[in-house]
Amino acid sequence: MAFDSASFLEQVPHRSGVYRMFNSENVIIYIGKARDLKKRLSSYFRKDVDSLKTRKLVAAIDHIEYTVTFSETEALILECNLIKEYQPRYNILLRDDKSYPYIFVSGGRHPRIASVRGQKSEKGHYYGPFPSPGAVREALHLMERIFPVRQCEDSVYRSRSRPCLSWQIKRCLAPCVPGHCTDEEYQEQVRLARMFLEGKCPEIINTLVSEMQELSDRLEFEKAARVRDQMLALRRVQEQQSVSGDIDRNMDVIGSAAGDGMSCIHVFFIRGGRILGSRNYFPGNTGETDRLEILRAFMLQFYLGSKNARTLPEEIVTEFSGEENQEFEKAISGVAGFAVRITAAPGGERGRYLKLAVANAESALKSRSGHEETLRKRTLALEELLGVTGITRMECYDISHTMGEAEVASCVVFGREGPENSEYRRYNIAGITPGDDFAAMHQVLSRRFSRLEPGKIPDIVFIDGGAGQLSQAEEVISEAFAGNDAFRVPLIIGVAKGEGRKPGLETLIRGFSREEYHLTLDSPALQLVLHIRDESHRFAITGHRRKREKARSVSRLEEIPGIGEKRRQSLLTHLGGMREVFRASAEEISKVPGISLKMAREIYAFLHD
C-alpha cells in the first residue's frame, strides 16, 4: 500500500525533532532533523518537488517515525548519532572516519616525543590533529633538528648504557645516560618543544635570544653558538609554516566542490597560527544534492560524530552562510567545551584561505572524476572482451615466498570504482611442501571459498600464474559451487607471464575453456588486469617480507642453547627489539634480568659468530 501522507501529517506537531523514514522492509532509508517537523515533512509530499532524488525517496517510504526534542541543537546531535549508527541509503555519508594522528609529549622525568593515533590512553600532552601520518613524520623530523628531545621508545631508553647515534649527531641530549645533560637542561628543551607545538614561535625565539645573550656575557661562546643555531633554524621554520596576517588561533577552513554526481570537501587544518596540512573528503550518496546541503551533512558528521577523535578548532571558516550556523555553533561548542565560531564567506586573510580550499576541492574532484572515468572505461572494455556484463567484484590471488620460506598468499578486491582495501586478505600457507605454488594456490582458494556469503561472491577470479595454478582454481571453485544454485560461479582468468616476464606480454587464459587472449599494453582491459595483478603482487610481497623478517629474528634467538621463551622475551623487551639485541655488547646483555655475564657472552658470541 502507498504511504498515506495526509493522515500521517495530521498527527505531526509543530515542534523541533528528528524523523526517520522506513521502506517496506522496515529499513531506515533517510534520517533528517527539523526546526518544525510538520512543515519539514510536509515539504516532501508536495506535487512540485523538483529533485529526482527526493521523488525516489518519497516513492520508497512505507512509514515514518519521529522524535520530538527540546531544541534544534538537540535534534542536530541526535540526527548525527542516528546517521552514524544506521548509515541510511539516501543520506549523504562521510565514509572517511579514521582516527587522526597526533604528536604526543609524555610525562615523567625525561619525556619523549612520539606519534600516536587512536585512543589517548597514556598520560601526557597531545597536539594535533595532523591530516596524515606523513605530516606527523615530517613534523617529528623537523623537531628533532631543532629540539634535542628523545623520540625513542621507553624500552630502549631504559636499557641504554651509552649514548646512541642521535646523541652523536646532536639530535638528542642523551638523558638515558648520566652525565650528558642535567634534568633542568632537558626539561627546558621539552618546554620549548611544547611551546613550538602550541604555535608559540615568537615566545621561543625571545627566550633563545635572552639565553644566548646570557651565555655570551659569561663568555660561554660555544654554548651561545648552539643556541644561535637553534634560533636560526626555528626562524626559518617559522617563515615557511606560519600563516601570515592575524590568524593566531586553531581554525579549520572548509571549501567544497560538486559536479558529475560527485562532491569533494577540502579542509585546511590551522593550529596555533601554523598550517598542519589539509585533507580531501568525498562524501557518498550526494547525487543531485546542492553544495549547501552537502556541506551541512559533512559538518554534521565531521564535528558532531560520536566516534570523533579530533581536536575541535576555535573557528570554522566556510563559504556558505545559513540559519543553521547558529545551531551548529551551539552544538559544536557543547561537544568541544568552549566557544566555537563559524565564519561564513569572510574577506581578508580568511577569505584567501577559503578560496584556496575551494580551488583544492575543485582540483581534487576533477582528478577523481578523471580516475573514475578511466576505471569505468577499462571495466567496460574487460566486460566486452570476456562477453559478460555487470561486473561489481573482482578478486586476484598471488603467492609469495623465498625458496619456500615464509609462504604467504594474498587476495585483493576491486570494484568498478577501484580497489576496496578493507576487503584485502592475507593467508599464511602451512602444511605443504615448501615452494609448491600449486598446493599453495589450492589451499588459499579452499579457505576462501569454504564459506559462501551473499554479496561477497566475485564475478571474476584472477589467478596470477599459468595453467597449473589455473587448474587448482578450477578444481576448488567447481567443488565449492557444486549443487549451489543460489550463487553464480565466478569466471576464472589466469594471468600468465610472457617471455622474459615483461609487462605487456601477459596471456589471459579463461578457466575451463582455456581460451587465450593476447592483448597489447594499449588495451584498456589489459591495463585493468595488470593493475589488479600488480596490486595483488605488492600485497603478497609485503606480507611475505614481514613474516620472513619476524621468523628470522625469532629463530636466531631460538637457536641459542639455554635460552627459553621467557629469556627471549626479556631480551627483546629490555633491549628494545632484535636490532638492539644485535647491537648490544655482552656487558649490556648481562643487565637484562635473568641473564648472567657468562650467558651474555655466549649469546653475544652466538649472534656474532
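Here the structure is a predicted model, which means the values were calculated and not measured.
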For the side chain of Glu185 and the backbone of Thr182, is there at least one donor-acceptor N/O pair under 3.5 Å apart?
-> yes
Under a 4.5 Å cut-off applied to non-hydrogen side-chain atoms, are Asn325 and Phe320 in contact?
-> no
Just one of Ile64, Val68, Leu37, Asp36 clears the side chain to side chain contact (heavy atoms under 4.5 Å, CB included) bar with Val12, so which one?
-> Leu37
Heavy atoms, side chains only, cut-off 4.5 Å: are Pro88 and Ile29 in contact?
-> no
When rounded to the nearest 0.5 angstrom, what is the spacing between CZ in Phe328 and CE in Met299?
-> 5.5 Å
Has the side chain of Ser333 got a donor or acceptor atom that lies under 3.5 Å from a matching backbone atom of Val340?
-> yes
Sidechain-backbone polar pair: Arg46 side chain, Ser43 backbone, donor-acceptor under 3.5 Å = yes
Does any pair with a residue in residues 41-67 pass ring pair (Phe, Tyr, Trp, His ring centres under 6.0 Å), and if so which ones, sequence neighbours excluded?
-> Phe3-Phe45, Tyr19-Tyr44, Phe22-His63
Thinking salt bridges, do Arg393 and Glu423 make one under a 4.0 Å N-O criterion?
-> yes
Please work out whether the ring planes of Phe268 and Tyr353 are parallel, tilted or perpendicular, with thresholds of 30° and 60°.
-> perpendicular
Under 3.5 Å, side chain of Gln151 to main-chain N/O of Leu140, donor-acceptor pair present?
-> yes
Carboxylate-amine/guanidinium proximity below 4.0 Å for Asp154 and Arg112 | yes
Can you check whether Ile103's main-chain N or O pairs, donor with acceptor, with Ser115's side chain at less than 3.5 Å?
-> no
Mind running side chain to side chain contact (heavy atoms under 4.5 Å, CB included) on Glu420 and Phe414 for me, showing each step along the way?
-> CA-CA 5 Å; Glu420 298 179 3; Phe414 273 61; over 6 Å; no
Check the pair Glu25 / Asp62 against side chain to side chain contact (heavy atoms under 4.5 Å, CB included), numbers first and verdict last.
-> CA-CA 8 Å; Glu25 298 175 355; Asp62 178 77; over 6 Å; no
In short, Gly259 meets Leu365 closest at the heavy-atom pair N-CD2, 3.7 Å
For the residue pair Cys264 and Asn280, what are the closest heavy atoms and their distance?
-> SG-OD1, 3.9 Å
Just how far is it from atom CZ of Phe302 to atom CD1 of Ile265, taken to the nearest 0.5 Å?
-> 10.0 Å
Heavy-atom check, side chain of Asn360 versus side chain of Leu356, under 4.5 Å | yes
Is a side-chain donor-acceptor pair under 3.5 Å present for Gln187 with Asp183?
-> no
Side chain Lys38, main chain Arg15, donor-acceptor under 3.5 Å = no
Output yes when Lys330 and Glu72 qualify as a salt bridge under the 4.0 Å nitrogen-oxygen rule, no when they do not.
-> no
Can a salt bridge be assigned to the pair Glu319 and Lys355 using a cut-off of 4.0 Å between side-chain N and carboxylate O?
-> no
Can Leu165 and Ile169 be said to form a side chain to side chain contact (heavy atoms under 4.5 Å, CB included), step by step?
-> CA-CA 6 Å; Leu165 180 63; Ile169 62 176; 4.3 Å; yes
Considering all heavy atoms of both residues, which atom of Gly17 and which atom of Ala75 are nearest to each other, and what is their separation?
-> O-CB, 3.8 Å
Could you tell me whether Arg341 and Glu314 make a salt bridge, using a distance below 4.0 angstrom between a side-chain N and a carboxylate O?
-> no
Any side-chain donor-acceptor pair under 3.5 Å between Tyr86 and Asn91?
-> no
Nearest heavy atoms of Cys181 and Tyr186, plus distance in Å = SG-CB, 4.2 Å
Heavy-atom distance under 4.5 Å between the side chains of Val358 and His266, does that happen here?
-> no
Derivation and outcome, side chain to side chain contact (heavy atoms under 4.5 Å, CB included), residues Leu78 and Lys33 = CA-CA 8 Å; Leu78 178 58; Lys33 71 95 187 168; over 6 Å; no
Side-chain (Ser363) to main-chain (Ala359) donor-acceptor, under 3.5 angstrom = no
Distance, nearest 0.5 Å, that separates CG of Asp4 from CD of Glu10 = 8.5 Å
Should Arg296 and Glu79 count as an ion pair when the cut-off is N to O under 4.0 Å?
-> yes
Residues in side-chain hydrogen bond (donor to acceptor under 3.5 Å, both in side chains) with Arg89, at least two apart?
-> none
Do the side chains of Ile113 and Phe147 get nearer than 4.5 Å, heavy atoms only?
-> no
Do Val253 and Val267 have side chains that get closer than 4.5 Å, going by heavy atoms?
-> no
From Phe298 CZ over to Ile254 CD1, what is the distance, rounded to the nearest 0.5 angstrom?
-> 5.5 Å
Who pairs with Tyr424 by side-chain hydrogen bond (donor to acceptor under 3.5 Å, both in side chains), at least two apart in sequence or on another chain?
-> Glu535
Please report the closest heavy-atom contact between Ala224 and Ser216, naming both atoms and the distance.
-> CB-OG, 3.8 Å
Minimum heavy-atom distance Glu329-Ile342, with the two atoms named | OE2-N, 2.8 Å
Flag side-chain contact, heavy atom, 4.5 Å: Cys172 against Arg150 | yes
Heavy-atom check, side chain of Leu173 versus side chain of Val149, under 4.5 Å | no
For atom CD of Gln326, decide whether the heavy atoms of other residues, nucleotides or ligands shown that lie under 6.0 angstrom number more than 12.
-> no
